[in-house]
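No hydrogens, no waters, no symmetry mates; every other heavy atom, side chains included, goes into these values. Throughout, protein chains are lettered first and strands after them, A, B, ... in sequence-line order, and every chain is numbered starting at 1.
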There are 2 protein chains.
Amino acid sequence: MVNSDMGIKVDRNKVALLAGVSSATVSRVFNHPEKVNKDKRETVLKAAKELNYKPNINAAILARGINGKILLLDNNKLLKYDSSNSYYYSWLYVDLLNQIRDVLKGTVYELVISNLEDLKIQDSFDLRDFDGIICFDIDDIDDLSLVRESGIPYVFGHHVREIPLTNKLFTDNYYGGFLQARFLRETGHIKTIYITGMLNKLNAHKERYNGFSDIYSCKNHLLIEGRVGKDGGEESIRTVIDKIESKEYTAIAAVNDLTAIGIYFELMKRGISIPEDVSLIGYDNLPFTNLLPKRLSTIDIKIGQLYKQSAINLLSIIRNGTNEMPGNFKPSLIRGQTVSRNKEIL
Amino acid sequence: MVNSDMGIKVDRNKVALLAGVSSATVSRVFNHPEKVNKDKRETVLKAAKELNYKPNINAAILARGINGKILLLDNNKLLKYDSSNSYYYSWLYVDLLNQIRDVLKGTVYELVISNLEDLKIQDSFDLRDFDGIICFDIDDIDDLSLVRESGIPYVFGHHVREIPLTNKLFTDNYYGGFLQARFLRETGHIKTIYITGMLNKLNAHKERYNGFSDIYSCKNHLLIEGRVGKDGGEESIRTVIDKIESKEYTAIAAVNDLTAIGIYFELMKRGISIPEDVSLIGYDNLPFTNLLPKRLSTIDIKIGQLYKQSAINLLSIIRNGTNEMPGNFKPSLIRGQTVSRNKEIL
DNA sequence: TTGTAAGCGTTATCAA
DNA sequence: TTGATAACGCTTACAA
């Protein structure tokens, strides 16, 4: 007690001395407790407690020949106000961060955050300083090569085809689109409008649409390809405002929440009530949507859970060299208040 | 080249061998380059490059007797949907994170994130594993004692009085409230409504109000103390809706953006136009406010910059044992679109 | 089951 | 200005 309180360094040797064992035994008590006699183990633990002993992680790491660090590598698009839309996703980032930390909590690994920009331009750090890499939102094939060629175990959350499935964890966009459609159909909507970005530009958009159109055939939905985001949503909805006012279409699905928000406010401005006049469902479940006058119906991509699983997978790759976990992550429906039963058909 | 590409370990000794110097000289080249002969320095650097040598940070840290880690300790209120309001501040968290990382980039320190809950309940980690602690949004005096008693250098971003000024960095709430008021006065508003939480409950609220009422005397503003947040804003504004409709009061200031958003939507619902019928200004500059139909006028607390400065201060404390930097951080005005010139007096 | 001792890759002191 | 060399605190063969 006194020792530690006085700030005098207490290491394995001091504990060993007090417990009357060798320092190797102390080490074993902490790393392979099953390999040491129960009585001795307790004596050591007692001595350690008395001395307020705390293992030095860095020394352990050095002795083990590892780095003790997992890298969360992001594309640093977050927080760039100008590249606008991705900025708002930083909200989800904290969730993801916490989930990954949760997985790493019991391990020797510490989570370190960095981004591609620092890696490439400044080379202020080296991938070799890490035992594993979790890529967040990295979709450029060249960027990925950088990671793959480092030889460090990695996992990856997107859709580049060249990546082995083992290292990949992705949100099931098809299923998400399907959920949107199924919800609208269940609430009695016959004819719907689907608002998205240019489908040939982004695979995720295409997949979400495929899931949606699996339920709503071409005759039963109107597809609008345009810009995404708040402004895009406003623009797109204007082109079909007459078809909403005429009640020809009774529900709208958007490819993401930001676009849905543009639609939401544009309709509001024109005195069209949601969901009384038209139903609306988004995609992503940005926390923002919970602050709207009517809580937006949307799809929760559960990004925190997705990256939690990716951290688990990474650990498995580091330890076993491989990983058997699922790579496919299913989103879920948030019912919200912006979709209501279609009264036109009652 | 070959060596490193083949994954064979290359350390100081290999570099020393190739450069024809001792390993101590190699070490000096990297740590105290001024202490080594220029020619030799270049030879060493060349050899290091050729071998693709990378210093082992953990070994350095161990030898130096430091931990190589700075802790960002938060109160883990973020991400708790139920404790609602703080949840939305996670948006700002990413900003702060990036800024701190930016400061630490040139140092041996890595940023590690953790929270009080893990520290107290699980004791899954030990404050002694860190060289410095940045406390984020920790306002409980007992929690702070934990940090202070660890003896580790720390900085701290709030208003507990017992903390020495050196270790404290705070946002100037008085000035922020003053900015709100000055902006409203400049745009010609004579009588205003100030909506806040219970003033005796939270010092920050009190300070903001003091700044505001420094410009608007009691006769010129109506103070509403109530619940904060979206619901609170809705409630509070309802109690004075007649005074807004009658144009007796032409502008509203809210203690924070979440409250302002409640006010915003409640007014919208009642057909009161912002800023045509009444002006509105919030506080915090949550990114959210940029997505509203009219971009909310608000006060930017610049939390990223604040924590950047706090990281700089912490480094100064670690290195010099003390710190001379300013502890007071001034927010700035975001003009937005929800405050307009008061036409009543034109 | 336990102890001895050789690393792990640095830093830094002390002589030269 | 340089080179030996002793830490740094731990892990882990290997031997006992």
Undergrad: One pair to check against side chain to side chain donor-acceptor pair (under 3.5 Å): A/Arg128 and B/Asn56. What are the steps and the verdict?
TA: CA-CA 10 Å; A/Arg128 290 176 293 168; B/Asn56 180 315; over 6 Å; no
Undergrad: Of all nucleotides in DNA chain D that come within under 4.0 Å of a heavy atom of chain B, which is furthest toward the 5' end and which toward the 3' end?
TA: D/dT1 to D/dG9
Undergrad: From CZ of B/Arg28 over to C1' of C/dA12, roughly how many Å is that when rounded to an integer?
TA: 9 Å
Undergrad: Specify the separation, in whole Å, of atom CD1 of A/Ile57 and atom C1' of C/dC8.
TA: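 Rounded to the whole Å, the gap is 17 Å.
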Undergrad: So what does A/Lys38 touch, heavy atoms closer than 4.0 Å: a base, only the sugar-phosphate, or nothing?
TA: nothing
Undergrad: Report which part of the nucleic acid A/Asn31 touches: base, sugar-phosphate, or nothing (heavy-atom distance under 4.0 Å, all strands).
TA: sugar-phosphate
Undergrad: Would you say a side-chain N or O of A/Lys35 is under 4.0 Å from OP1 or OP2 of C/dT2?
TA: no
Undergrad: Rounded to the nearest 0.5 Å, what's the gap from CG on B/Leu169 to CD on B/Gln305? Could you check?
TA: 11.5 Å
Undergrad: Could you go through the salt bridge (Lys or Arg N to Asp or Glu O under 4.0 Å) check for A/Asp131 and A/Lys69 one step at a time?
TA: CA-CA 6 Å; A/Asp131 300 302; A/Lys69 287 176 197 144; over 6 Å; no
Undergrad: Any donor and acceptor pair, going by atom type alone, linking the side chain of B/Asn167 with main-chain N or O of B/Val155 inside 3.5 Å?
TA: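 Answer holds: no.
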Undergrad: Under 4.0 Å from any atom of DNA chain D, heavy atoms only: list the residues of residues 59-69 of chain A that qualify, in numerical order.
TA: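 A/Ala59, A/Ala60, A/Ala63, A/Arg64 - these, ordered by number, are the residues of the stretch whose heavy atoms sit under 4.0 Å from the strand.
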Undergrad: To the nearest Å, give me how far apart CG (B/Asn13) and P (C/dG9) are.
TA: 9 Å
Undergrad: Please determine whether the number of non-hydrogen atoms from other residues, nucleotides or ligands lying under 6.0 Å from atom NZ of B/Lys35 exceeds 12.
TA: no
Undergrad: Are B/Tyr154 and B/Phe130 close enough that their ring centres sit under 6.0 Å apart?
TA: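 Ring centroids of B/Tyr154 and B/Phe130 are no less than 6.0 Å from each other.
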Undergrad: Output the rounded distance in Å from CG (B/Leu51) to P (C/dG9).
TA: 14 Å
Undergrad: C/dA12, OP1 or OP2 - any side-chain N/O from B/His32 closer than 4.0 Å?
TA: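 Indeed, a polar side-chain atom of B/His32 lies that close.
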Undergrad: Measure the distance from CG on A/Asp129 to P on C/dT10 and round it to the nearest whole Å.
TA: 11 Å
Undergrad: Please tell me if the side chains of A/Leu18 and A/Glu50 come closer than 4.5 Å, counting only heavy atoms from C-beta onward.
TA: yes
Undergrad: Under 4.0 Å between any heavy atoms, over every strand shown, what does B/Thr25 touch: base, sugar-phosphate, or nothing? Just pick one.
TA: sugar-phosphate
Undergrad: Do B/Thr171 and B/Ile303 have side-chain heavy atoms sitting under 4.5 Å apart?
TA: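 They are not in contact (no side-chain heavy atoms under 4.5 Å apart), so the answer is no.
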Undergrad: Between atom CZ in B/Phe30 and atom P in C/dT11, what is the gap in whole Å?
TA: 9 Å
Undergrad: Does the ring centre of A/Phe156 sit less than 6.0 Å away from the ring centre of A/Phe136?
TA: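 Not close enough - the centres of the two rings lie 6.0 Å or further apart.
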Undergrad: Find the distance A/Asp39:CG to C/dT2:P and express it as a whole number of Å.
TA: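 Spelled out: CG on A/Asp39 to P on C/dT2 is 9 Å.
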Undergrad: Of B/Lys40 and A/Asn56, whose closest DNA chain D nucleotide lies nearer the 5' terminus?
TA: B/Lys40
